[in-house]
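Report on the following structure.
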Amino acid sequence: MAQLKVHNSLKPGAPVPFIPKKEGNVSWYACGPTVYDHSHLGHARNYVSTDIIRRIMRDYFGFNVNFVMNITDVDDKIILKARRQRLLELEKRKTYSKSELSKIAATAFQSYAQENLPELLKSSDNSELTPSNYVARRDTAYGKVLGGGTLTGEGKPGDAEAKMKMHLTNLTSAAAAIQENKVFGGADEILLPYLDSLYKESIDGNNHTIWTDVTKYWEQQFMEDMDALNVMPPDIITRVTEYVPQIADFVDQIIKKGFAYEADGSVYFDIAAFENAGNPYARLRPESRNDKALIEDGEGSLGKNLAGKKGAGDFALWKKSKSGEPVWPSPWGEGRPGWHIECSVMASDKLGSNMDIHSGGIDLAFPHHDNELAQSEAYFCEHDKGPHSWVNYFLHMGHLSIAGSKMSKSLKNYQTIRDALNKDYTPRGMRIVFLMGRWNDGVEISPDMRIMAEGWETTVNNFFIVVKSLIVEKGASATDALKTLSINSEGLSASLEKAQSEMKAVLSDSFNTPRAMQLLYELIKEANIHITTHKSNMDVGGLEAIARWITKMVGIFGLDANATAPYNGLGWASSAASKNQTPKETAKPFAAVFQTVKSEVESLNLHSDVLDQLLTANVNGEFDALVSAGKTDPEQLVMPYLRSVSKIRDEIRKLAPSSLSKKQILALSDRIRDDDLTNLGVYLDDRGDEQGALIKFVPKEELLAQREEKAAKEREKLAQKEAAKLAREKLEREKEEKAKLKPDDMFRDDRFTEWDAEGIPTRTKDGEEVTKSARKKMEKEWKNQKKIHDAWKAKASS
């Protein structure tokens, strides 16, 4: 048996054997979202990939996974977002004249540019930046960036350029809004930081609802997005606001151990003391430990002016709250938790001093995860006993990028999950895209990726449809086929066993889903070749075995939102099953179609031994027998009605050529296929060679779309035919009008002054004689006109 190996960020390089603390059990903590805005595709990449690994560990390898995820509901970004939102709401309630509001907006406009885009303030005439001259200044100062380049014109654009574009977008919208006197709503993005600079001290830090009202809303939005993506909910959810007293105690313990210090009401982790005691720091990203930009980003935008650090890399465990920030009591005065300490306390509370897995996005590796490790291991370490290990395996999901820049809420270069699902992806399609890439590699959004995913899904869909149809044709139910059909092809059996063995190997290789997806595709390709080349001796049982295994694997990967473990069905689970419909409710529309078809065929007074037998068969009894046998698969339950309708249709099509009701029979046949069954998500694939139609379950929406596409093409064809007819009629009318003209009159116009007896010109309007060549040409035209005119006269008089 292959040993499961995983890429462990704590041990860079090749995957290492995964050995949980307790055999068969996995303790896992995942960094959850900071909830202050829409979830975007970068979040989808992280949480869907995490969900895929979690499902594989649980449903493929059989681990009992205890999955804990936090919600960060105290953070600098949250504080700013909620506070500014509250201040803007208060500002909108004030009464301002147009000129007063315009002045406020202009000041905010200038302030925003100065803070974020200082090049806009430079001009040859030293004039002030205004909304009216903004566009010209923007194009001059930042034209290269807007054109897809860098500010200097060298290298490739990155996060810095993405941030510039975000600020330029905000100013562009604001400039237009201010000039149109639509400040509120149009210029909010520049007003928010300006109002915050004026009034943040007015916010009561003890009134936590200012922030929790915002975080509760966005947490709910996030959870809905995850549900839409079929991401399993965590076993345990923790929130920072529910842990503040424990966080203060945790920080106090680190101080007592000598690894942290208080300075002016804040508490910082002492990296030097930690390392001097023999503990390693920045184990995940040692090369980043002196990266000033990453360190500052980890401390948050509100922590820039906190003083008293001993070392440049020391990070806040507890922050002294400034005016306008939430406050909680602590031994060091009123303050709030640092960002990194939150996860340490919550994870340790639920999973103890050591856990199997900690995961998150790769962008969190430093400083967040490195600082988590340091402060947690400082808390749990025992002096003179060596370093403590808090996490055994660190899994980092690769980031998602767009146009070379990381997708980020703060950069606003993102597509929300909801927008993506409305416009570009289905939940399954998005998950397929992520499955086609390694979970720990970066992913660049591109149309080609989506096309590849759609092709893979179509291949699987068609295979499921065909195999189910072949099972039905053999007269065996989907769940009983393996019992009644022998596997007569060692080839299919061998192919399945080989694929299963290789699947074990690739998933053991740090969850190599790209190769796993390729294995499924290749197995389907082999099965399809068998179907094409073995029409007379097809191994339906072998095909079903393959289809059932593929069903299990796509279920394990989370590609079927309607299915539940252990995924023992065949094909995508029916939505009817997820709605808990009763068998009669499921079968009702199919029974209604059967009854309608039966009545209409009986009214045609058609007879044959086969048809008479079909019309008198006890189809309801077949359905009742399935229900009594405990069958619950919706497709299996409705099959008695579908099989009867299909066979009745096959038989009346055979009778049609010799029947006086031929036209009615063929119309009924088409309606059954194109309307009655299409509306139920069933397609009858008509075949020759006396085989009868093959019943295929196809999503109703897909069939309706195909029907509409076919109808649209037919409408277009008719429209083209009508246009051609009108063009012909117009041409005929033009010909007739031309034919009415007498040849003697055809040249009598102001181009000429003299004509002969037959109306052919002899002199031009300038008094010159018509040349011989010109006269010869006109004589030819005269003869042609005389010919068509005489024909018209003859036709008119007849």
The reported gap from CG in Asn512 to CG in Leu435 (rounded to nearest 0.5 angstrom) is 11.0 Å
Aromatic ring pairing [X]/[Y], orientation class (parallel under 30°, perpendicular over 60°, tilted between):
X	Y	value
Phe394	His396	parallel
His530	His534	parallel
Phe18	Phe63	perpendicular
Tyr641	Phe594	tilted

Quick one: list whatever passes ring-ring contact (aromatic ring centres under 6.0 Å, His included) with [X], sequence neighbours left out.
X	value
Phe434	none
Phe222	Tyr47
His7	none
Trp572	Phe464

Evaluation steps, side-chain contact (heavy atoms from CB on, under 4.5 Å), between Phe67 and Ile236 = CA-CA 7 Å; Phe67 189 83; Ile236 300 172; over 6 Å; no
Among residues at least two apart in sequence or on other chains, which ones pass side chain to side chain contact (heavy atoms under 4.5 Å, CB included) with [X]?
X	result
Lys21	Ser27, Asn354, Asp356, Asn392
Ala516	Met503, Val506, Leu507, Phe557
Glu224	Gln220, Gln221, Arg418
Pro699	Glu701, Glu702

Could you tell me whether the side chain of [Y] reaches within less than 4.5 Å of the side chain of [X], counting heavy atoms only?
X	Y	value
His40	Ile417	no
Arg673	Asp686	yes
Ile357	Val391	no
Pro33	Thr72	no
Arg58	Met232	yes

Taking only residues two or more places apart in sequence, or in another chain, which ones meet [X] in a side chain to side chain donor-acceptor pair (under 3.5 Å)?
X	value
Glu635	Lys468
Thr551	none
Glu497	none

Specify the closest pair of heavy atoms between [X] and [Y], including all atoms of both residues, with the distance to one decimal.
X	Y	result
Arg649	Ser669	NE-O, 3.0 Å
Ala499	Leu519	O-CD1, 4.2 Å
Leu421	Thr426	CD2-C, 3.9 Å

When you look at Val231 and Arg54, which way does the side-chain contact (heavy atoms from CB on, under 4.5 Å) test go after all the steps?
-> CA-CA 10 Å; Val231 172; Arg54 181 183 172 195; 5.9 Å; no
Closer than 4.0 angstrom, basic N to acidic O: yes or no for [X] and [Y]?
X	Y	answer
Lys552	Asp560	no
Arg707	Asp674	no
Asp419	Lys423	yes
Arg515	Glu522	yes
Arg548	Glu544	yes

Could you pull out all residues at least two apart from Asp59 that satisfy salt bridge (Lys or Arg N to Asp or Glu O under 4.0 Å)?
-> none
Is the number of heavy atoms from other residues, nucleotides or ligands under 6.0 Å of [X] [atom1] greater than 12?
X	atom1	answer
Tyr521	OH	no
Met452	CE	no
Glu23	CD	no

Does Arg450 count as lying over the ring of Tyr425, i.e. NZ or CZ under 6.0 Å from the six-ring centre, within 45 degrees of the axis?
-> yes
Identified ring pair (Phe, Tyr, Trp, His ring centres under 6.0 Å) partner of His358 from the options Tyr29, Trp28, Tyr393 = Tyr29
Taking it one step at a time, do Lys696 and Val682 satisfy side-chain contact (heavy atoms from CB on, under 4.5 Å)?
-> CA-CA 6 Å; Lys696 294 183 176 181; Val682 176; over 6 Å; no
In sequence, state the C-alpha distance, the side-chain angles, and the governing distance for Glu473 and Val540, and then conclude on side-chain contact (heavy atoms from CB on, under 4.5 Å).
-> CA-CA 10 Å; Glu473 187 179 40; Val540 178; over 6 Å; no
Name the one of Thr596, Asp676, Thr678 that satisfies side-chain hydrogen bond (donor to acceptor under 3.5 Å, both in side chains) with Arg671?
-> Asp676
